[in-house]
2 protein chains.
Amino acid sequence: MDVTENKTAKGIQTQLHIMNIALDLFKKYGYDKISVDRIVKESNTSKGSFYQHFPSKSSIFMMRFMEMDEHYIHIYEDIEQKYSSAIERLEAFFLAVLRCIEKELGKDLMRVIYSAAVISNEHTFFTNEDRKLYTILRQIITDGKQDESIQNISSTHDFFQSIVQSFMGAIYFWGLQLDNTELEELGRPLIGQIIAGLR
Amino acid sequence: MDVTENKTAKGIQTQLHIMNIALDLFKKYGYDKISVDRIVKESNTSKGSFYQHFPSKSSIFMMRFMEMDEHYIHIYEDIEQKYSSAIERLEAFFLAVLRCIEKELGKDLMRVIYSAAVISNEHTFFTNEDRKLYTILRQIITDGKQDESIQNISSTHDFFQSIVQSFMGAIYFWGLQLDNTELEELGRPLIGQIIAGLR
DNA sequence: TATATCATTAGACTACAGTCTAGTCTATGG
DNA sequence: CCATAGACTAGACTGTAGTCTAATGATATA
């Protein structure tokens, strides 16, 4: 996470230690109730150490969030086997990712990520074209044009961006809700509507 | 904006004065370069006064943002006359709102709003069902079911939420972009795809 | 082994959003 | 005309994210 990626073994260890302690504290007390001073104290490190390994408080969550892309690869592998047409895979994958986000990361984390990413310029992950999630989505769309299950789209690029916007819209909307409505439930009508436009 | 809405004439004057000074400063130097102390200094008021009239720094932008809903009413009145079917009105209105947001508010303001709204619980405007924008959207959908231009939707409620998510997704996505691509341009494929699913 | 380099660590310090308290002004009702 | 309530103002104070500097540790090369 540091600009210089020349970490020593000790450095990596410290980073993971801080991250584990912090995630535990966030889980127990909530992100905004836990200060960096507290994290530093509980992990027996220091401010200097913390900011050596993390560019910001929110980047702890960001790291967890970024890890998830590896997960999405496995999710897609499963889906690839279950569905024969790309259009079915698109819908199933979209919903599976939403389920995964809610289960593995939770609303608190996603709210922090979405709030920080749009304001800080520090988090370029959302706009990184090489992101695994984006690669998978582009793959599905390409496949869909091939097997002709995805039609009526102006361009792969525009359609890809529409899907990304749908993800963001569903997640952002869910982040705003005070009740416990599931993310998947909120996102299902939107992706369904888009899929309907492809046939 | 204060919890107590019993403002005196002097109070309203002070609030508007602070708001004008602050918006000028934000425009000139950027939101994150201007501190509340600076606003207070430049407007010859005080911290106490500031927080009497605004619950937070970001709420200055929030007030501007909330004002826009009045604008949307006028936009819709124009569109109502130009398009005969509800489905056409939906697409035109969606795009007109995006244009209006970019032109009248700009990306900086929207980034602050989107960042603050999802993290703070202070801003309930996004989840306020009585919001003018939402009323207009529900009206269009109801009209669309009436004139049968909007079909194939499971429920008005779900479709309404999908449209709101589309707004949020397009705006959030636009907020992340570092280039100057227009919001309308980014949102057009998404709403187009959704509209395609209605026919 | 000596030395240079660069990662790591500690913690004092800064900047700034937001709170608190004490006091002033203003409108209203007896 | 006084008393009371509560809106308004000033600015000191607090909490906390993030910076800076100086010191220490590890590694690589001569």
Side-chain angles (χ1 to χ4, degrees), chain A residues 1-19 21-22 25-26 29-63 111-113 115-123, chain B residues 1-19 21-22 25-26 29-63 111-113 115-123:
Chain A
M1 211 68 188
D2 191 16
V3 192
T4 79
E5 283 298 335
N6 309 322
K7 288 194 173 302
T8 64
K10 194 178 165 195
I12 292 170
Q13 206 179 324
T14 308
Q15 181 177 31
L16 288 176
H17 176 64
I18 292 174
M19 188 170 161
I21 298 277
L25 288 169
F26 291 160
Y29 302 101
Y31 179 83
D32 58 339
K33 289 278 178 290
I34 295 298
S35 66
V36 174
D37 281 335
R38 177 82 185 276
I39 295 168
V40 158
K41 204 173 168 188
E42 300 266 340
S43 60
N44 294 306
T45 53
S46 66
K47 269 281 176 75
S49 238
F50 184 93
Y51 283 98
Q52 167 77 214
H53 298 298
F54 302 96
S56 66
K57 186 186 170 192
S58 63
S59 66
I60 295 177
F61 270 175
M62 199 63 189
M63 279 189 75
R111 279 163 35 133
V112 171
I113 292 295
S115 179
V118 79
I119 205 72
S120 82
N121 293 329
E122 168 212 321
H123 302 303
Chain B
M1 211 70 185
D2 191 17
V3 192
T4 78
E5 283 298 336
N6 308 320
K7 288 196 169 301
T8 64
K10 195 179 165 194
I12 292 171
Q13 207 179 325
T14 306
Q15 180 176 32
L16 287 176
H17 176 63
I18 292 174
M19 187 169 162
I21 298 278
L25 289 169
F26 291 161
Y29 303 100
Y31 179 83
D32 57 340
K33 288 279 178 289
I34 295 297
S35 65
V36 174
D37 281 334
R38 176 82 184 276
I39 295 168
V40 158
K41 204 174 167 187
E42 300 265 340
S43 62
N44 294 306
T45 52
S46 65
K47 268 280 177 72
S49 239
F50 184 94
Y51 283 98
Q52 168 75 216
H53 299 299
F54 302 95
S56 66
K57 186 187 170 191
S58 63
S59 66
I60 295 176
F61 270 175
M62 199 63 189
M63 278 189 74
R111 280 162 36 132
V112 171
I113 293 295
S115 179
V118 79
I119 205 72
S120 83
N121 291 330
E122 168 211 322
H123 302 302

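By convention in this document, chain letters (A, B, ...) are assigned in the order of the sequence lines, proteins followed by strands, and residues within each chain are numbered from 1.
- Put simply, OH on Tyr51(A) is 14 Å from C1' on dG11(C), counting in whole angstrom units.
- Residues passing the side-chain contact (heavy atoms from CB on, under 4.5 Å) test with Ser56(A), sequence neighbours excluded: Ser58(A), Ser59(A), Glu122(A), His123(A).
- Atom CZ of Phe26(B) is separated from atom P of dC16(C) by 13 Å (rounded to the nearest Å).
- Take the nearest nucleotide of DNA chain C for Ser58(B) and for Lys10(B): the residue whose nucleotide is more 5' is Ser58(B).
- Look at Gln52(B) and you'll find a side-chain N or O under 4.0 angstrom from OP1 or OP2 of dC8(D).
- Within residues 37-48 of chain A, the residues that have a heavy atom under 4.0 Å from DNA chain C are, in order of number, Thr45(A), Ser46(A), Lys47(A), Gly48(A).
- The CZ-C1' distance, from Phe50(B) to dA10(D), rounds to 15 Å in whole Å.
- Between Phe26(B) and Val112(B), the closest side-chain pair of non-hydrogen atoms is not below 4.5 Å.
- The shortest distance between side-chain heavy atoms of Phe54(B) and Met19(B) falls below 4.5 Å.
- Between Tyr31(B) atom OH and dC16(C) atom P there is a gap of 13 Å when expressed in whole angstrom units.
- Not counting sequence neighbours, Asp32(A) has no partner by the salt bridge (charged side-chain N to carboxylate O under 4.0 Å, His left out) test.
- Comparing Thr14(A) and Ile34(B), the nucleotide of DNA chain C nearest to each residue sits closer to the 5' end for Thr14(A).
- Whole-Å rounding puts the Ile119(B) CD1 to dA17(C) P distance at 17 Å.
- Here dG18(D) presents its C1' atom at 14 Å from CG of Asp32(B), a figure rounded to the nearest Å.
- Applying the side chain to side chain donor-acceptor pair (under 3.5 Å) test to Thr45(B) and every residue at least two apart in sequence or in another chain returns Ser43(B).
- Within the structure, every side-chain polar atom (N or O) of Ser56(A) is placed at least 4.0 Å from both OP1 and OP2 of dA17(D).
- A close approach under 4.0 Å does occur between a side-chain nitrogen or oxygen of His53(A) and OP1 or OP2 of dT9(C).
- One interatomic measurement links the two molecules: CD1 of Ile12(A) to C1' of dA26(D), which rounds to 14 Å at whole-angstrom precision.
- Residues satisfying the side-chain contact (heavy atoms from CB on, under 4.5 Å) test with Val36(B), not counting sequence neighbours, are Val40(B), Lys47(B), Phe50(B), Tyr51(B), Lys57(B).
- Taking atom NE2 of residue His17(A) and atom P of nucleotide dT8(C), one finds them 16 Å apart after rounding to whole Å.
- Phosphate proximity of dG15(D) to Ser35(A): absent, as no side-chain N or O sits under 4.0 Å from OP1 or OP2.
- Every residue meeting the side-chain contact (heavy atoms from CB on, under 4.5 Å) condition with Glu42(B), not counting sequence neighbours, appears here in chain and number order: Ile21(B), Leu25(B), Arg38(B).
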